[in-house]
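Take a look at the structure below.
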Number of protein chains: 2
Amino acid sequence: MLDPGEPKFRRRKAARPGEIVEAALAVFAERGFAAAKLDDIARRAGVSKGALYLYFETKEEIFRAVVAQAIAPNVQMIRAVIAAHPGPLSDLLRLVAGRAGVLMETLPVGGVLKMVIAEAGNFPELARVWHDDLVAHILGAMTDAIRAAQGRGEVRPGDPRMYALELIAPMLVGVIWRETFAPVGAQPFDLPALALQHAETMIEGLKNREVAA
Amino acid sequence: MLDPGEPKFRRRKAARPGEIVEAALAVFAERGFAAAKLDDIARRAGVSKGALYLYFETKEEIFRAVVAQAIAPNVQMIRAVIAAHPGPLSDLLRLVAGRAGVLMETLPVGGVLKMVIAEAGNFPELARVWHDDLVAHILGAMTDAIRAAQGRGEVRPGDPRMYALELIAPMLVGVIWRETFAPVGAQPFDLPALALQHAETMIEGLKNREVAA
DNA sequence: ACGTAATAACTGACCGGTTAGTTATTAATA
DNA sequence: TATTAATAACTAACCGGTCAGTTATTACGT
């Protein structure tokens, strides 16, 4: 069973934090903060529980690191959206839908979103960071784009912030669905396809059909 | 401090279970299952912790009762939708949007939805019940209505189940938003107004504009 | 009506299992 | 060999669940 020539552990100071955060994401997403056991996180990361405390002060700090890491790469994407071209809104929506569809497949947004929703009551300042640094940016950028399109007469009247929510909501529900209901037998949704179909629905739904004054 | 004429408790066997479930909903929704303390639930319900065990076997059973109770009244509404009139889809959507908007304001769907999402990993059979008895009904009824409308040529081609998700997603995100981000300072959404605006958006977005063959 | 015995709703101190966090020790590497 | 990453045994607090005792309420006898 054990190869005596093989050391029973390796010293890999640099790699540990990332591995721990990755393992913690999986366990927190599956169990929630309170029900997640440090022993489970440690085992999954391939270390002992004590080793966690070489890199993090508390369980809560590990949790914060998980959420923070999940925000970081996404901020890039938002910048791209904000710096978006001033072309017609329909082009922008199709572009964003294409990007978002694959991003949702790739990144672990579902698990992290689930965590943030679940623990907002216990870690309100964490929900605040997630909102201020990520959600509000996305929603704000969308709102601005829609308002601009309304100014150009492309989009009919209506609350642009609500329109923005209508735009992104199916993607959010889609990833939540994947985490929550698909594992218990519910038919899953093809997220990229959903993103594209919804983009077309919204393009038609937002179109201003009044004759220009 | 204490009025000696006032008894320190009253015997109210019939009222207790409902009060306990109501208190438990509040605590579970705020803290999640694992982090919720029975002492807190008991205090909020105005009883001692021991009294909880006169009416429920375990913490988990209280949790199940909370979720079950939240499903029951809603099933009625879905029946109404399923038995829906065969008129044009736009009428149905406006009707449902009106109902849904006020229901979301009234019922504690946000808290329960949050709980189900958060604890799906720990109580998968509970997520299954929630899905099978509630979510699948709503989505299925919507899907049927849309497919029928496509058959009549009212709605353009596209996956009807995805269209159904596009329809209900903003409401779900709206209630989650209220539970998660509004408490930390995010600007809330007017859910009835959102429902109505989204209904109009989708009516336009789904409309079949091809000339009939 | 009144007193009192019987019932059962309810309390709150307690117990034990679980788990976050600590530390004495071991072993990999430079 | 010195350094320190990593382990594993340990501690202590917390909390779900229990139960012996208390008190509100009811039933019954006079």
Side-chain angles (χ1 to χ4, degrees), chain A residues 1-24 26-28 30-66 115 119 121-123 126, chain B residues 1-28 30-66 115 119 121-123:
Chain A
M1 206 75 210
L2 330 159
D3 184 342
E6 199 69 5
K8 60 193 286 190
F9 63 85
R10 304 224 176 234
R11 310 173 97 199
R12 293 167 51 244
K13 185 180 171 125
R16 295 299 190 204
E19 294 173 1
I20 291 169
V21 167
E22 188 183 0
V27 178
F28 282 138
E30 185 177 337
R31 296 286 181 223
F33 177 79
K37 298 176 203 175
L38 291 182
D39 276 315
D40 289 344
I41 294 174
R43 184 170 28 229
R44 190 160 194 144
V47 296
S48 69
K49 188 171 68 165
L52 301 181
Y53 285 87
L54 298 172
Y55 302 101
F56 299 94
E57 298 268 331
T58 62
K59 182 184 185 182
E60 196 172 316
E61 199 195 303
I62 298 177
F63 186 67
R64 289 178 206 287
V66 169
M115 281 169 39
E119 305 297 342
N122 297 318
F123 302 96
L126 205 138
Chain B
M1 208 75 212
L2 331 158
D3 183 342
E6 200 69 6
K8 60 192 285 191
F9 66 85
R10 295 199 182 262
R11 308 174 69 179
R12 293 169 50 245
K13 186 186 169 108
R16 295 300 189 202
E19 293 174 2
I20 290 169
V21 168
E22 189 183 359
L25 166 59
V27 177
F28 282 138
E30 185 177 338
R31 297 289 182 219
F33 177 80
K37 299 176 202 173
L38 290 183
D39 276 315
D40 290 344
I41 294 173
R43 184 170 27 227
R44 189 159 193 143
V47 296
S48 69
K49 188 170 64 166
L52 301 181
Y53 285 87
L54 298 173
Y55 301 102
F56 300 93
E57 297 269 330
T58 62
K59 183 185 187 182
E60 196 172 316
E61 199 195 302
I62 298 177
F63 185 67
R64 288 177 206 288
V66 170
M115 281 168 39
E119 305 297 342
N122 298 318
F123 301 96

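Below, chain A is the first sequence line, B the second, and so on; all start at residue 1.
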Here the distance between atom C1' of D/dG17 and atom OH of B/Y55, to the nearest Å, is 18 Å
What's the CG-P distance between B/L52 and D/dC19, to the nearest Å? 16 Å
I need the A/E60 CD to A/F33 CZ distance, nearest 0.5 Å. 5.5 Å
Has the side chain of B/R11 got a donor or acceptor that lies under 3.5 Å from a partner of the other kind on the base of C/dA9? no
d(A/E57 CD, A/R64 CZ) to nearest 0.5 Å is 12.5 Å
Contact list (N/O, under 3.5 angstrom) for nucleotides 17-20 of chain C vs protein:
{"from": "C/dA20", "atom 1": "OP1", "to": "A/A36", "atom 2": "O", "distance (Å)": "3.2"}
{"from": "C/dA20", "atom 1": "OP1", "to": "A/K59", "atom 2": "NZ", "distance (Å)": "3.2"}
{"from": "C/dA20", "atom 1": "OP2", "to": "A/L38", "atom 2": "N", "distance (Å)": "2.9"}
{"from": "C/dA20", "atom 1": "N7", "to": "A/K49", "atom 2": "NZ", "distance (Å)": "2.8"}

Please state how far atom CZ in B/F28 lies from atom C1' in D/dG16, giving the value in whole angstrom units. 12 Å
Is the distance from OP1 or OP2 of D/dT25 to the nearest side-chain N or O of B/R12 less than 4.0 Å? no
Rounded to the nearest 0.5 Å, how far does CG of B/L25 lie from CZ of B/R44? 9.0 Å
Nearest-Å distance, CG (B/L54) to C1' (D/dA20)? 14 Å
Pairwise 5' ranking along DNA chain D for B/E60 and A/F9, keeping only the more 5' one: A/F9
CZ (A/F28) and CG (A/D40) are apart, to the nearest 0.5 Å, by 10.5 Å
